[in-house]
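Step one of this worksheet: look at the structure below.
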Protein chains: 2
Amino acid sequence: MAIQLRPSQALRLWQQTSLAEVRGQRPDLTERQMAILLTIYLDPPPHTVRGLADRLGVTKPVITRALDTMGAMKLVSRHRDERDRRNVLIKRTVEGALFVERFGDVVVAKAQELPL
Amino acid sequence: MAIQLRPSQALRLWQQTSLAEVRGQRPDLTERQMAILLTIYLDPPPHTVRGLADRLGVTKPVITRALDTMGAMKLVSRHRDERDRRNVLIKRTVEGALFVERFGDVVVAKAQELPL
DNA sequence: CATGAATGATACGGAGCCGAAACGGTTCCG
DNA sequence: CGGAACCGTTTCGGCTCCGTATCATTCATG
């Protein structure tokens, strides 16, 4: 059986999670950066700039810049593809995995606190 | 019984919803703006700049600017409090209610598509 | 090889948000 | 009254992101 969520619960979940993230002093990411990060950590590799741009429906520079930013935060890393040196493969990092994991835990916690 | 969500499901839900929002060409809001908007629509009124700033843990100018932006999008409206003219009361709009409602539906839809 | 296609990175001008500080209007209270 | 406290707004300089266009490198193809 699929996850059943009423609209009011969905909105409350999003609000509570967003509030927790805004109030926390973690590195803050834009919605696009978050979508990219989650895609890297949830979708099967390999991940390329082009692939991510298509997945998000945005231009390549958006991905490059997001990777610059998140790379500086050590949330992702870039490696030249040795088989086709035009490609850049984006990989996970320990810090990034921890960040994503912690975020998932926040959502789960807020979901449990939801009123029925 | 509370909503039970596994971390992997929570992350997938967030990813799918974020992707849908990024890909859609709806007016795009920052995480803070989204938190403010949801708070206005979910928490009981009255809402003031000061109150929202405290709730979010941010400074007052952040709220003022967010209200400027979302006001221009007609997602919220401002009215001077006639009882205490120092206050500004933030109210909902028809457009804002539609926006929030639509967003809730997206989350619900993504939740239903979630793998077990 | 030479040429064209594909990849990711970069340059540029513009727009939006940020925090800190200062400002004008309103109310409270001695 | 008159000053202090409170409220929301504005200003300022700085930073980040945006989209478009262009670039260098690498690969595929004839």
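Just the heavy atoms: all of them, side chains too, but no hydrogens, waters or symmetry mates, feed the values below. Labels below follow one simple rule: chain letters A, B, ... track the order of the sequence lines, proteins then strands, and each chain is numbered from 1.
Between R50(A) and V58(B), the residue anchored closer to the 5' end of DNA chain C is R50(A), taking for each the nucleotide with the nearest heavy atom. Mapping R65(B) and K60(B) onto DNA chain D by nearest heavy atom places K60(B) closer to the 5' end of the strand.
Taking atom CD1 of I36(B) as the reference point, atom P of dC17(C) lies 10 Å away to the nearest angstrom. Between the CG atom of L67(B) and the P atom of dC18(C) there is a distance of 12 Å, rounded to whole Å. As a whole-Å value, the separation of L29(A) CG from dC17(C) C1' is 16 Å. Between R78(A) atom CZ and dT7(C) atom C1' there is a gap of 13 Å when expressed in whole angstrom units.
Within the 4.0 Å cut-off from OP1 or OP2 of dA9(C), at least one side-chain nitrogen or oxygen of T64(A) is found. The phosphate of dC17(C) (OP1 or OP2) has a side-chain N or O of Q33(B) nearer than 4.0 angstrom.
T64(B) and R78(B) get closest at one heavy-atom pair: O-NH1, 3.8 Å. Closest of all the heavy-atom pairs between L29(A) and E31(B) is O-OE1, 4.1 Å. Closest of all the heavy-atom pairs between I63(A) and V58(A) is CD1-CG2, 3.9 Å. Summarising the geometry of H47(A) relative to L52(A), their closest heavy-atom pair is ND1-CD2, 4.3 Å, with the distance given to 0.1 Å. The shortest non-hydrogen separation linking I36(A) to A66(A) is CD1-CB, 3.5 Å.
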List the steps and the verdict of side chain to side chain contact (heavy atoms under 4.5 Å, CB included) for I90(B) and V49(B). CA-CA 8 Å; I90(B) 295 104; V49(B) 172; 4.3 Å; yes
Before giving the answer on side chain to side chain contact (heavy atoms under 4.5 Å, CB included), spell out for Q33(A) and L75(A) the whole-Å C-alpha distance, their side-chain angles and the decisive distance to 0.1 Å. CA-CA 11 Å; Q33(A) 290 168 345; L75(A) 297 179; over 6 Å; no
Are any protein N/O atoms closer than 3.5 Å to N/O atoms in nucleotides 24-30 of chain C? If there are, list each pair with its distance.
unit_1, atom_1, unit_2, atom_2, d
dT27(C), OP1, R85(B), N, 3.0

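Using cut-offs of 30° and 60° for the angle between ring planes, the W14(B) and W14(A) rings count as parallel.
Mapping heavy-atom proximity under 4.0 Å, the span of DNA chain D touched by chain A runs 5' to 3' from dC17(D) to dC27(D).
R12(B) and Q9(B) share no side-chain donor-acceptor pair at under 3.5 Å.
Side-chain proximity of N87(A) to dG8(C), dA21(C), dC18(C): nearest is dG8(C).
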